[in-house]
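This report concerns only the one structure given below.
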There are 2 protein chains.
Amino acid sequence: MNEKNQLARPLALPLPTIRRYPVYLRCINEMIAAGETHISSAVVAEKLGLDSVLARKDLAMAGVPGKPRRGYPARELQAAITAALGWDNSTDAVLVGVGSLGNALLGYRGFEEQSLSIAAAFDASPEIVGKTIHGVKVRPMGDLPRLVKRLNIRLGILTVPNAAGQPCADKLVAAGIRGIWNFTSVRLSVPDGVIVQNVDLAQSLAVLSHAISAKR
Amino acid sequence: MNEKNQLARPLALPLPTIRRYPVYLRCINEMIAAGETHISSAVVAEKLGLDSVLARKDLAMAGVPGKPRRGYPARELQAAITAALGWDNSTDAVLVGVGSLGNALLGYRGFEEQSLSIAAAFDASPEIVGKTIHGVKVRPMGDLPRLVKRLNIRLGILTVPNAAGQPCADKLVAAGIRGIWNFTSVRLSVPDGVIVQNVDLAQSLAVLSHAISAKR
DNA sequence: TTTATATCGGTATGTCAATAGCGATATTTT
DNA sequence: AAAATATCGCTATTGACATACCGATATAAA
């Protein structure tokens with residue numbers, strides 16, 4: 001039999017739970033800023049419009065023991081979720097493709113919350129290389145391998161045109177990148193061990209436009 | 001009993017299927033451009049790196065009968081999926097919040113593929129109002145209700161700072177919008193009948209950063 | 001003409017996550 | 001000190017989707 005004193009935290013968190021963690025985290029941050037010392041799953045669920053059981057299970061997954069009638073200790077819960085997301089340590093990333101979207105991401109201030117900082121940007125176009133966008137200097141693609149290795153960067157942000165998607169992904173992989181945040185519509189093929197997270201606006205829009213056109 | 005001559009298309013398509021449709025559609029378009037007249041689910045699955053059964057089921061959901069040993073008729077399948085997504089008729093949308101992200105979306109050329117055109121843009125800041133960004137004139141928020149009603153616009157794109165998210169969503173709803181494409185991190189509360197599709201970069205990044213930090 | 005085969009279409013099974021229900025317990029109230 | 005209650009934490013059920021399997025059929029090959 002198992003000792004039941006210790007809280008059993010599963011080795012792998014459910015993917016949907018991980019996706020919801022940023023939402024919880026923002027809510028918890030607000031509550032801490034408002035002076036709360038304890039976080040009740042019921043209150044969080046109410047604020048976010050989620051089922052109370054779902055919120056309780058998600059928060060319990062963080063591994064911090066809560067107390068009946070009080071909730072979870074706020075700072076500990078915050079720290080646990082932040083750690084689960086890997087946002088407790090600053091992460092450097094490189095951005096490839098300084099078009100309009102890459103430009104917007106370079107200017108996005110919200111990444112600080114996720115401890116993400118774009119350490120360098122690259123582009124193939126000679127007209128853009130050399131310019132400084134939102135404080136980041138745009139470098140030629142040739143500099144990518146050396147810089148990624150020197151700074152030990154593990155995350156690449158891919159914001160190039162579709163045609164350049166796979167070739168640039170290959171370059172990132174060859175340079176030693178571990179994860180690619182893919183903003184192109186191309187289905188990247190990468191070796192095992194490299195993680196790709198797709199942000200396909202068309203997929204997101206599909207759900208919305210289908211629903212709107214279907215309900216008429 | 002049921003007549004079985006007609007292909008039974010389910011009234012509601014599974015959400016994951018809808019999300020995959022844009023991916024299939026791009027693949028089908030390429031194959032048509034390459035001169036194919038028939039689309040085999042096995043070939044599509046191979047190209048996209050999906051399970052062949054999954055692709056077959058998804059394509060079958062479109063309601064177009066396929067032929068053994070040939071596949072689905074290319075143009076008909078293309079038309080059916082396009083219609084299922086509501087991309088067969090041009091859809092006008094309004095964009096609220098012309099910051100860096102709103103700017104990038106206004107300049108994004110890929111929306112034509114989805115028959116989406118941004119008919120008008122709005123912003124609260126007097127410095128931006130009146131300017132023309134990528135061919136679209138930025139109007140003051142006060143003009144929103146009248147213009148949405150006059151052009152009978154059903155889709156709103158929300159790219160304002162988090163603090164303005166809910167108020168602006170309320171204005172869109174009051175103007176008669178049916179769906180909101182929400183790029184803020186705020187969980188919007190809207191009345192029944194209005195659909196919200198969230199594009200939360202933090203949620204997407206969460207999966208990636210968790211995986212990268214966990215596997216070390 | 002006959003045989004072989006690729007692909008479709010439906011049914012059954014398995015897996016994962018969301019929901020529901022219930023007991024345990026610490027805090028608050030009386 | 002005793003009773004009431006809110007909240008946690010566990011287990012079971014439900015439901016949806018992905019996967020596996022199998023029969024039907026039109027095309028291609030022999």
Side-chain angles (χ1 to χ4, degrees), chain A residues 1-21 23-24 28 31 36-74 76-77 80 203 207, chain B residues 1-21 23-24 28 31 36-74 76-77 80-81 203 206-207:
Chain A
M1 279 299 166
N2 231 338
E3 293 289 334
K4 295 188 73 174
N5 307 341
Q6 201 83 12
L7 203 68
R9 176 164 42 166
L11 280 79
L13 276 66
L15 211 71
T17 299
I18 294 170
R19 263 196 278 266
R20 284 188 293 269
Y21 267 179
V23 182
Y24 292 123
I28 292 166
M31 290 173 74
E36 302 284 344
T37 61
H38 288 260
I39 307 284
S40 146
S41 67
V43 173
V44 170
E46 164 72 29
K47 277 181 189 267
L48 299 177
L50 298 173
D51 188 272
S52 70
V53 182
L54 183 62
R56 186 159 80 240
K57 286 198 76 170
D58 281 339
L59 297 187
M61 290 266 184
V64 176
K67 281 183 188 170
R69 233 186 137 84
R70 300 299 298 277
Y72 297 90
E76 291 179 40
L77 184 63
Q203 290 195 30
V207 180
Chain B
M1 275 302 162
N2 231 338
E3 294 289 333
K4 294 190 76 177
N5 307 342
Q6 202 84 12
L7 203 71
R9 176 162 44 164
L11 281 79
L13 277 67
L15 211 72
T17 299
I18 294 169
R19 262 194 278 267
R20 283 187 294 267
Y21 267 179
V23 182
Y24 293 122
I28 292 166
M31 291 173 74
E36 302 284 346
T37 62
H38 288 261
I39 307 284
S40 145
S41 66
V43 174
V44 170
E46 164 71 29
K47 277 182 188 264
L48 299 176
L50 298 173
D51 188 270
S52 70
V53 182
L54 183 63
R56 188 160 78 239
K57 288 199 75 169
D58 282 339
L59 297 187
M61 291 265 184
V64 176
K67 280 184 187 169
R69 233 184 136 87
R70 300 299 299 277
Y72 297 90
E76 290 179 40
L77 184 62
I81 293 181
Q203 289 194 29
V207 179

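Numbers restart at 1 for each chain; the letters A, B, ... are given by sequence-line order, proteins then strands. Heavy atoms only: backbone and side chains are in, while hydrogens, waters and symmetry mates are out.
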In this structure, how many angstroms lie between the [atom2] atom of [N] and the [atom1] atom of [X], rounded?
X       : N      : atom1 : atom2 : result
A/Lys57 : C/dA20 : NZ    : P     : 13 Å
A/Leu77 : D/dT7  : CG    : P     : 15 Å
B/Leu50 : D/dT19 : CG    : C1'   : 13 Å
A/Asp58 : C/dA18 : CG    : C1'   : 10 Å
B/Asp51 : C/dC8  : CG    : P     : 13 Å
B/Leu59 : C/dG10 : CG    : P     : 14 Å
A/Leu15 : D/dA18 : CG    : C1'   : 15 Å
A/Lys67 : C/dA24 : NZ    : C1'   : 16 Å

State which of [options] makes the closest approach to the side chain of [X].
X       : options                : value
A/Arg69 : D/dC21, C/dC22, C/dA26 : C/dA26
B/Pro68 : C/dG9, C/dC8, D/dT7    : C/dC8
B/Leu54 : D/dC17, C/dT19, D/dT19 : D/dT19
A/Arg56 : C/dA18, D/dA6, D/dC10  : D/dC10
B/Pro16 : D/dT11, D/dA18, D/dT7  : D/dA18

Fill in: Side-chain-base donor-acceptor pair under 3.5 Å for A/Arg70 and C/dT27
no
Phosphate OP1/OP2 of [N] contacted by [X] side-chain N/O (<4.0 Å):
X       : N      : answer
B/Thr17 : D/dC17 : no
B/Ser41 : C/dC8  : yes
A/Arg20 : C/dA18 : yes

Practice prompt. Flag the pair A/Met31 / A/Val44 as yes when at least one side-chain heavy-atom distance between them is below 4.5 Å, and no otherwise.
Written response: yes
Nearest 0.5 Å, please: how far is [atom2] in [Y] from [atom1] in [X]?
X       : Y       : atom1 : atom2 : answer
A/Leu54 : A/Thr17 : CG    : OG1   : 7.0 Å
B/Tyr72 : B/Ile28 : OH    : CD1   : 10.5 Å
B/Arg70 : B/Thr37 : CZ    : OG1   : 5.5 Å

Worksheet entry | Main-chain N/O of A/Leu48 paired with A/Tyr24 side-chain donor or acceptor, under 3.5 Å | no
